[in-house]
Amino acid sequence: MNLIFQVLFCVIPISLLLIGCGVIDFKYHYFAFHRYWFINAYIALFALTPILNAAVERFTNKEFKTVLIIFYVIALADYLFGIEGIEIRRGASVLWFMFLYLLGRYVRANQPSCSKKVLILIILISCLCNALVLTEQQTDYVNPFILIQSVSTLLLFNQFKISSKFINTVAISITMVYLVNLHPALWDLEQQWLLSLYEKFSVPLFLLYTVLSCVAIFVFAIVYDKLRLFVWNILTRKAH
């Protein structure tokens, strides 16, 4: 419920504020959630998690690994050849989320032993390999190089012990950064803003102002989520 409230708190108040101030005209899709495929897939995964857990508990380690390999081979076939009937959608689907969840459980249960230097080297090599694959598919989530980077990054950060209160404060609100950046109305405004910067300034200034804009959006999203948390805490206290 907290996640759903977070989405609603992002979409509805911001859209109403922009419309009320005359920044944008009223459009129904400004109140829709069509851009938030990640949230939709995550909620579906959350509902399926008990079934996945029950299935995994019946697997031996060898069977678990075999299931993961078969799943990824099927996903990779769809990624490379676009086979009809396999709804992986380049990784933007609940089926891919199911695979990632199962892969995460497998990695956690087996904990491959790699040093930080080796993991960093694997990440750099996979990034280089991915950069050499000059196709529109190089950013797909099913891309094997991106999958290697993701797993290696997870294993790398598992070796760090971070107890910073500031980092934890920011991390708890990081989902709002995603929501704000893909907000139906703000998305259009961001594109127009960046285009205007590109047309008015030289490349160095354009890059500078783009970075500053990204930082400003990030800070706004974090602060806005603190307001959302304040409202959520009041509502949950009254509910109890």
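Sequential numbering from 1 along the given sequence is applied to the chain's residues.
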For I172 and T169, work out which heavy atoms get closest and say how close.
CG2-O, 3.1 Å
Taking L48 as the starting point, is it possible to reach L3 by hopping between hydrophobic residues whose side chains are less than 4.5 Å apart?
yes
Answer yes if V211 and F201 sit in the same cluster of Ile, Leu, Val, Met, Phe, Trp and Tyr residues linked by side chain heavy atoms under 4.5 Å apart, and no otherwise.
no
Walk me through whether I217 and E190 qualify under side-chain contact (heavy atoms from CB on, under 4.5 Å).
CA-CA 10 Å; I217 293 171; E190 288 172 8; 3.8 Å; yes
Taking the ring of F206 and the ring of Y198, is the distance between their centroids below 6.0 Å?
yes
Side chains of R105 and N53: do they bring a donor and an acceptor to under 3.5 Å?
yes
Between N143 and Y72, what is the shortest heavy-atom contact and its length?
C-OH, 3.9 Å
Check the orientation of F64 and Y106. Use parallel for under 30°, tilted for 30 to 60°, and perpendicular for over 60°.
perpendicular
Out of curiosity, T175 OG1 to R228 CZ, how far, rounded to the nearest 0.5 Å?
8.0 Å
For a side-chain contact (heavy atoms from CB on, under 4.5 Å) with K116, tell me which candidate from L121, L156, L155 qualifies.
L156
Other residues, nucleotides and ligands only: do more than 12 of their heavy atoms fall within 6.0 Å of CG on L212?
yes
Are I174 and Y178 close enough that some pair of their side-chain heavy atoms sits under 4.5 Å apart?
no
Of all residues at least two apart in sequence or in a different chain, which pass the side-chain contact (heavy atoms from CB on, under 4.5 Å) check with A221?
M176, V177, V180
Closest heavy-atom contact between Y101 and L45?
CB-CD1, 4.1 Å
Taking CH2 in W232 as the centre, count heavy atoms belonging to other residues, nucleotides or ligands within less than 6.0 Å. Is the count above 12?
yes
Is the side chain of N130 donor-acceptor paired with the backbone N or O of S126 at a distance under 3.5 Å, no angle test?
no
Quick check: closest heavy atoms across C10 and Y224, and the distance to 0.1 Å?
CA-CE2, 4.1 Å
Closest non-hydrogen contact found for S152 with I122 is OG-CG2, 3.3 Å
Identify the heavy atoms of V94 and A41 that sit nearest to each other, and give their distance.
CG2-O, 3.8 Å
Hey, could you give me the CG/OG distance between L227 and S173, rounded to the nearest 0.5 Å?
11.0 Å
Criterion side-chain contact (heavy atoms from CB on, under 4.5 Å) against Y141, the qualifying member of F99, F97, W96:
W96
Within 6.0 Å of CZ in F220, more than 12 heavy atoms from elsewhere:
yes
Can you tell me how the ring of F9 sits relative to the ring of F5, calling it parallel under 30°, perpendicular over 60° and tilted otherwise?
tilted
May I ask whether Y36 and L16 are part of the same hydrophobic cluster, defined by side-chain heavy atoms of I, L, V, M, F, W, Y residues being less than 4.5 angstrom apart, directly or through others?
yes
From NE2 (H183) to CG (L189), nearest 0.5 Å
9.5 Å
Any chance you could measure I123, atom CD1, to T153, atom OG1, to the nearest 0.5 Å?
3.5 Å
How far does SG of C114 sit from CD1 of I120, to the nearest 0.5 angstrom?
12.0 Å
CG of L186 to CG of L18, rounded to nearest 0.5 Å, is 5.5 Å
